[in-house]
Amino acid sequence: MSLLPLEEALARLLAMADADAIKEMESVPLAEAEGRVLAKPVVSTLDLPPWSNSAMDGYALRLADLQDAPLPVSQRILAGQSPRPLIPNTCARIFTGAPMPDGADTVEMQENTEVLDDGRVRFLEPLKLGKNVRLKGNETRQGDMVLEAGKRLGPVELGVAASLGCATLDVFRRARVAILSTGDELVEPGLPLGPGQIYNSNRVVLSSWLKRLGCQVIDAGILPDDLARTREQLGRLDDIDLILSTGGVSVGEADFLGQALREEGELTLWKLALKPGKPLTCGRFNGVPVIGLPGNPASTLVTFGLLARAYLLRRMGVQSVEPLTLQVTAGFNWTRVGDRREYQRARLENGRVMPHRDQGSNVLRTAAWADGLVEVREGKTIAEGDQVNFIPLSELMA
Ligand code: AMP
Ligand code: MG
């Protein structure tokens with residue numbers, strides 16, 4: 001069976017996500033909207049700035065009044081005040097953000113002026129019409145679409161909405177994701193480790209990551225390697241948008257999740273041209289979409305980061321789901337031509353990317369060391385100095 005290229009897997013997952021896109025929306029206060037996805041565009045009901053104002057502390061004047069003579073100061077305007085019209089042949093003391101008085105068209109910053117003993121102001125530099133004036137509506141006009149539907153709301157987007165006076169925003173509801181860890185060997189941290197057992201690390205990786213993506217996490221516990229228990233635990237899940245499991249997809253393993261899906265749902269097994277992270281399960285149980293990630297922690301990281309993350313964001317209405325990818329200079333040579341795309345845990349050092357020596361799919365520690373994942377494309381070699389793609393982990397986790 002030929003390997004499924006990453007782009008093709010992503011395209012399929014996104015098509016599935018679009019078909020199951022979450023439609024319900026809710027109105028949330030601005031302060032609670034961080035990380036949510038806009039369900040309706042934000043259209044400005046006002047001009048920004050609402051009135052022309054000064055960009056500097058200085059003096060507002062009508063440029064045509066400026067001959068050789070210094071100008072007397074006829075008023076003082078602070079931010080938050082409403083000025084009187086400017087008296088001809090005078091200037092106004094003005095501060096940053098204060099409204100321009102009618103009749104004034106230019107501001108000179110105070111550093112370029114001299115206040116004479118009689119209080120008049122001499123302008124020391126040639127001035128251009130409109131200098132240091134922020135015109136009404138030059139940032140945003142009433143009716144402008146400022147934030148598109150499908151945009152994720154971060155601190156900056158919330159600030160933009162606030163600047164337009166929005167107190168609430170219409171967002172899609174969060175995706176409810178049930179996490180299942182499969183494997184008889186798994187033990188939760190805090191409990192003693194028996195023979196042959198390991199601690200469950202995937203669970204906390206996924207639960208904290210999902211929360212960062214704006215999902216609601218339902219912890220469905222550890223699934224023992226047992227078909228009846230698998231069926232029973234899956235059957236108990238209610239009101240869920242996605243069942244996300246780890247483990248139990250390696251070739252040759254007793255794959256009980258897969259078996260349960262085959263018997264009572266739908267199952268597709270993908271063999272991805274991806275390393276780490278070759279096997280991926282896609283299916284449904286009782287109509288609920290299921291994604292089964294490989295269990296090795298680095299494989300879980302890469303398959304979630306490059307595939308399941310995008311799928312979930314798209315389910316929640318996010319249009320732009322591709323992580324920002326940087327072009328960086330390789331600080332390493334790669335001579336082995338592979339048939340899978342590799343993502344190596346790597347660091348940026350002085351603008352060059354260096355992979356860690358230990359890329360074992362069971363090793364999570366080197367991912368904690370890494371700044372991101374460097375891409376080694378299938379069928380390609382890399383020479384030191386080549387440009388390569390690098391995806392910061394901070395980008396994937398945001
Ligand atoms: P599996 O796909 O179930 O064969 O798992 C592959 C490897 O990942 C095995 O060595 C498992 O012990 C390990 N593994 C599976 N699930 C987890 C988990 N939740 N936390 C840490 N390691 C895991
Ligand atoms: Mg297992």
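Every number for a ligand or one of its atoms is a count from 1 in the order of the listing.
- Using 4.0 Å as the threshold, Pro294 has no heavy atom nearer than that to any atom of ligand 1.
- Between Glu342 and Arg377, the closest side-chain pair of non-hydrogen atoms is not below 4.5 Å.
- Val187 and Val205 fall into different hydrophobic clusters, where Ile, Leu, Val, Met, Phe, Trp and Tyr are joined by side-chain heavy atoms under 4.5 Å apart, directly or via other members.
- The Tyr199 neighbourhood of ligand 1 comprises atoms 20 (N), 21 (C), with distances under 4.0 Å to a heavy atom of that residue.
- Heavy atoms of Ile198 found under 4.0 angstrom from ligand 1 belong exclusively to the side chain.
- For Asn362, the heavy-atom gap to ligand 1 stays at 4.0 angstrom or more.
- Here the options are Asn202, Thr246, Val363, the test is side chain to side chain contact (heavy atoms under 4.5 Å, CB included), and the partner is Pro297; only Asn202 passes.
- When the options Leu364, Val302, Thr366 are evaluated for a side chain to side chain contact (heavy atoms under 4.5 Å, CB included) with Arg345, the one that passes is Thr366.
- Not one N or O of Ser181 is nearer than 3.5 Å to an N or O of ligand 1, by distance alone.
- Between Pro392 and the options Asp371, Leu326, Leu348, a side chain to side chain contact (heavy atoms under 4.5 Å, CB included) holds for only Leu326.
- Neither the backbone nor the side chain of Thr300 has a heavy atom within less than 4.0 Å of ligand 1.
- Near Gly247, meaning under 4.0 Å from any of its heavy atoms, are these atoms of ligand 1: 1 (P), 2 (O), 3 (O).
- Proximity annotation for atom 17 (C) of ligand 1: of Val205, Asn202, Thr246, Leu257, Asn202 comes nearest, heavy atoms only.
- Contact of the Arg231 side chain with the Glu264 side chain is registered, since non-hydrogen atoms from C-beta on lie closer than 4.5 Å.
- Within the 4.0 Å heavy-atom shell around ligand 1 one finds Gly248.
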